[in-house]
Amino acid sequence: MGVFESPQFSKGTYDVAECIAELTEKNGAISIIGGGDSVSAVNKSGLAPKMSHISTGGGASLELLEGKVLPGVAALDDKDTAAAAMAPKAAAAPKAATAPKAAAAPKAAPSVKKSVEDLGEADLKGKTVLIRCDLNVPLNADLEITDETRITASIPTIEYLCSKGAKVLACSHLGRPKDGPEEKFSLKPVAKKLGELMKKDIKCAPDCKATDEVKGMVSAMGEGDVMVLENTRFYKGETKNDPELAESMASLADLFVNDAFGTAHRAHSSTEGVTKFLRPSVSGFLLKKELDYLKGAVDSPVKPMAAIVGGAKVSTKIPVIESMLEKVDKVIIGGGMVFTFLKARGLSVGNSLVEDDLIETVKQLEEQAKAKGVEIILPSDIACGDEFPVGGQRGSTTRWVARRTEIPGGWLGLDNGPKAHRGDARLPCGLCQDDHLERPHGSVREPAVQQGHLRRGRVHR
Ligand SMILES: Nc1ncnc2c1ncn2[C@@H]1O[C@H](COP(=O)(O)OP(=O)(O)OP(=O)(O)O)[C@@H](O)[C@H]1O
Ligand SMILES: O=C(O)[C@H](O)COP(=O)(O)O
């Protein structure tokens with residue numbers, strides 16, 4: 001809802017998270033949190049365990065909510081082709097770049113995909129499984145993992161495969177290396193962390209391709225062992241869905257599991273390409289769970305439904321807001337995109353972040369919403385700063401709260417104000433507190449100001 005990285009402007013974000021947690025816990029609402037920064041804000045708030053589902057996908061969840069088909073999912077075997085999919089690999093398509101998987105059953109978007117839970121010990125014992133995970137985690141300058149959510153989220157499928165006697169080869173990209181292998185994009189720290197979390201000795205192979213060294217390491221694996229293959233994007237062919245790379249990776253294994261929801265919107269060699277050479281190709285628990293929640297919300301929305309859309313820019317969220325207008329009763333707008341909406345309504349927004357080229361689009365969006373009876377809710381008051389808070393330093397920026405109709409010139413909106421904290425998210429969700437209705441009109445100051453911590457408009461919090 002605001003610049004949550006700064007303690008001065010994080011309250012609006014945490015308050016909305018609290019409201020969602022309360023709705024989930026007390027009212028039985030289904031809550032789905034998606035988007036890299038939104039997830040990290042909810043994680044920081046400590047409320048993540050109270051949400052129904054925290055998505056590991058950024059771009060992937062947006063594309064799914066926009067109604068797009070995710071290539072990494074579309075390429076997996078359908079449940080209804082189970083008999084064909086379980087045919088022995090030798091009888092399947094020959095492993096050649098030119099010979100895609102024979103059972104080219106059309107994969108309609110609404111089909112139910114075959115999942116790893118459809119495979120038992122008979123299918124897995126002694127088999128080598130290539131699993132595509134999204135282990136693209138943030139690392140600091142010392143190459144330490146700063147958020148291990150995606151690693152933790154990948155473990156249930158890996159553990160399941162191990163428990164059924166499979167040898168597990170986990171592959172993933174990390175970052176966006178441009179020119180081949182680079183230490184800062186190596187999956188070695190990820191393999192180490194995965195090993196610590198799973199209490200196993202997990203090696204990182206020096207390559208994702210079937211080099212002699214990697215083949216040797218694979219043949220030395222025993223049942224229940226796990227090995228991480230090196231960054232798939234160390235090869236330029238990965239993002240081009242190069243069949244040769246896909247075939248080489250696939251040649252290391254007997255079957256494929258895709259559990260990389262976060263990368264399912266990419267048609268890459270390790271997400272889509274390998275499915276042409278391995279049978280069966282099924283979803284992992286994480287991918288399935290993501291689809292159940294996110295696709296469920298899109299395909300069979302449980303009413304009433306509200307979308308809370310925040311973030312820095314409207315431009316990245318227009319398609320998702322548009323597609324949500326078909327599903328939801330309310331859209332609550334937060335973050336930097338608020339100001340393009342306010343400006344489109346003819347209000348002055350001071351120095352706030354605005355995408356002027358989208359004013360007309362936003363006006364049309366508001367019209368569309370009106371025509372569909374969907375309410376677009378903007379925060380009723382705004383916590384403004386006299387400058388953008390740098391590096392999240394406490395107190396370096398002067399903070400002032402204004403009604404949304406009265407953002408002073410020279411100031412920029414950085415968070416929801418206290419009236420919005422109390423009402424805007426709660427009122428439409430049926431959680432309004434009575435005092436919200438009694439708040440004074442006009443510019444209001446934070447309680448800290450009223451308690452005398454004000455020095456020439458500067459609030460030290
Ligand atoms: N009023 C504002 N002015 C400028 N930046 C803002 C404002 N409100 C929020 N932000 C910034 O927006 C960023 C989050 O936006 P973003 O669109 O990246 O979110 P997301 O969709 O959850 O994440 P991702 O794009 O990684 O999937 C945060 O870094 C936050 O500081
Ligand atoms: O972080 C993500 O959203 C996924 O890992 C995909 O990464 P990419 O945007 O570099 O393809």
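First listed ligand is number 1; within each ligand, the first listed atom is number 1.
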Can you pull out the closest protein heavy atom to [atom]? Residue, atom name and distance to 0.1 Å, please.
atom: atom 6 (C) of ligand 1; answer: V3 CG2, 3.6 Å
atom: atom 7 (C) of ligand 1; answer: G336 N, 3.3 Å
atom: atom 3 (O) of ligand 2; answer: R150 NH2, 3.7 Å
atom: atom 7 (O) of ligand 2; answer: H173 NE2, 3.2 Å
atom: atom 27 (O) of ligand 1; answer: G36 N, 2.9 Å
atom: atom 10 (O) of ligand 2; answer: R176 NE, 2.7 Å
atom: atom 4 (C) of ligand 1; answer: F388 CE1, 3.5 Å

### Query
Any non-hydrogen atom of F339 lying under 4.0 Å from ligand 1?
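So F339 counts as touching ligand 1.
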### Task
Check if K313 has a non-hydrogen atom at a distance under 4.0 Å from any atom of ligand 1.
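Outside the 4.0 Å threshold, so no.
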Do we see a donor-acceptor contact under 3.5 Å between the side chains of [X] and [Y]?
X: S186; Y: E230; result: yes
X: R150; Y: T56; result: no
X: E355; Y: S315; result: yes
X: H173; Y: N136; result: yes
X: S10; Y: E5; result: no
X: S31; Y: T24; result: yes
X: E66; Y: S323; result: no

#### Entry: Salt-bridge criterion met for R132 and D259 (N-O under 4.0 Å)
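So R132 does not pair with D259 through a salt bridge.
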### Query
Are the charged groups of E272 and K276 less than 4.0 angstrom apart, N to O?
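Salt bridge: yes.
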#### Entry: Side chain, backbone, both or neither: E5 near ligand 1, heavy atoms under 4.0 Å
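E5 to ligand 1: side-chain contact only, backbone stays beyond 4.0 Å.
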### From A312, G2, G310, A383 - option closest to atom 13 (C) of ligand 1 by heavy atom
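Among A312, G2, G310, A383, the closest heavy atom to atom 13 (C) of ligand 1 comes from A312.
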### Proximity winner for atom 4 (C) of ligand 2, if only heavy atoms of G58, G262, A264, A60 are counted
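It is G262 that holds the nearest heavy atom.
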What atoms of ligand 1 come closer than 4.0 angstrom to any heavy atom of [X]?
X: K317; answer: 17 (O), 19 (O), 20 (P), 21 (O)
X: G413; answer: 1 (N), 2 (C)
X: L414; answer: 1 (N)
X: S38; answer: 20 (P), 22 (O)
X: G35; answer: 22 (O), 23 (O), 27 (O)

### Task
Would you check if the side chain of S248 reaches a backbone N or O of L245 as a donor-acceptor pair within less than 3.5 Å?
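Such a contact is absent between S248 side chain and L245 backbone.
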#### Entry: Note, I30 side chain near Y293 side chain (heavy atom, < 4.5 Å)
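Contact flag for I30/Y293 side chains = yes.
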### Stepwise side-chain contact (heavy atoms from CB on, under 4.5 Å) test for L47 and Y14
CA-CA 9 Å; L47 294 165; Y14 294 150; 6.0 Å; no
### Message
Any nitrogen or oxygen of D37 lying under 3.5 Å from a nitrogen or oxygen in ligand 1? Just yes or no.
### Response
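Among all N and O atoms of D37, at least one is under 3.5 Å from an N or O of ligand 1.
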### Task
Taking only heavy atoms of R266 into account, list the atoms of ligand 2 that are under 4.0 Å away from them.
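In order of number, 8 (P), 9 (O), 11 (O).
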### Element-labelled atoms of ligand 2 that are located less than 4.0 Å from some non-hydrogen atom of D134
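What qualifies from ligand 2 is 4 (C), 5 (O).
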### Message
I want to know if ligand 2 touches N136 in the polar sense, i.e. an N/O pair below 3.5 angstrom.
### Response
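By distance alone, the answer is yes.
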#### Entry: contact_flag R233 ligand 2 heavy-atom lt 4.0 Å
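Yes, that is the case, since the closest heavy atom of the residue is under 4.0 Å from the ligand.
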### Query
Does the gap between the ring centers of F234 and F185 come in under 6.0 Å?
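Not under 6.0 Å, so no.
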